[in-house]
Amino acid sequence: FAFRAIHDALHLETRLGFSVDEEIEMGRIQAARCTSDLMAELTYCEVALQASHFKTTGQFVSDQIGFTMSHLEKMGFFRK
């Protein structure tokens with residue numbers, strides 16, 4: 001719930017709406033405020049990259065956990 005509350009509060013603070021392009025920008029802003037690289041990448045993926053996926057494909061991410069884990073692995077987190 002905290003993630004959503006922070007996200008929505010940032011919409012109010014920045015006066016950004018909820019269009020796909022505004023969500024992508026919100027993802028950048030929210031990630032930049034994170035205090036660790038992992039949280040920044042997680043936040044960016046959850047907001048900006050999922051919105052970008054929708055913009056590109058016209059569909060929401062069907063497997064959010066898989067989508068996020070794949071991104072985090074590409075970024076060097078959770079390597080085996």
*Measure up the His53 and Phe67 rings against each other and bin them: parallel (under 30°), tilted (30 to 60°), perpendicular (over 60°).*
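Perpendicular, since the angle between the ring planes exceeds 60°.
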
*Taking the inter-plane angle between the rings of His11 and His7 on a 0 to 90° scale, is it parallel (under 30°), tilted (30 to 60°) or perpendicular (over 60°)?*
perpendicular

*Spell out, yes or no, whether Phe77 and Met39 are grouped together once hydrophobic residues are joined by side-chain heavy atoms under 4.5 Å, including indirect joins.*
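Yes, Phe77 connects to Met39 through the hydrophobic network.
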
*Would Ile65 end up clustered with Leu49 when hydrophobic side chains under 4.5 Å apart are linked, directly or stepwise?*
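Not linked; separate clusters.
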
*Partners meeting side chain to side chain donor-acceptor pair (under 3.5 Å) with Gln59 (sequence neighbours left out)*: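 Partners of Gln59 under the side chain to side chain donor-acceptor pair (under 3.5 Å) test: none.
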
First locate atom [atom1] of [X], then atom [atom2] of [Y], and finally report the distance between them rounded to the nearest 0.5 Å.
X	Y	atom1	atom2	value
Thr68	Glu73	OG1	CD	11.0 Å
Asp21	Ser52	CG	OG	9.0 Å
Ile24	Gln50	CD1	CD	11.5 Å
Leu38	Thr43	CG	OG1	9.0 Å
Leu42	Gln30	CG	CD	10.0 Å
Met26	Asp8	CE	CG	9.0 Å

*Please examine the side chains of Phe18 and Glu23, heavy atoms only from C-beta on, and report whether any two atoms are closer than 4.5 Å.*
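Heavy-atom side-chain distance check passes, below 4.5 Å.
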
*Would you check if Ile6 and Arg33 make a side-chain contact, meaning some heavy-atom pair closer than 4.5 Å?*
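Side-chain contact under 4.5 Å: no.
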
_Does Leu12, at its CG atom, have more than 12 non-hydrogen atoms belonging to other residues, nucleotides or ligands within less than 6.0 Å?_
yes

*Provide the closest heavy-atom pair for Phe54 versus Phe60 in the form atom of the first, atom of the second, distance.*
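Looking at all heavy atoms of both residues, the shortest contact is CD1-N, 3.8 Å.
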
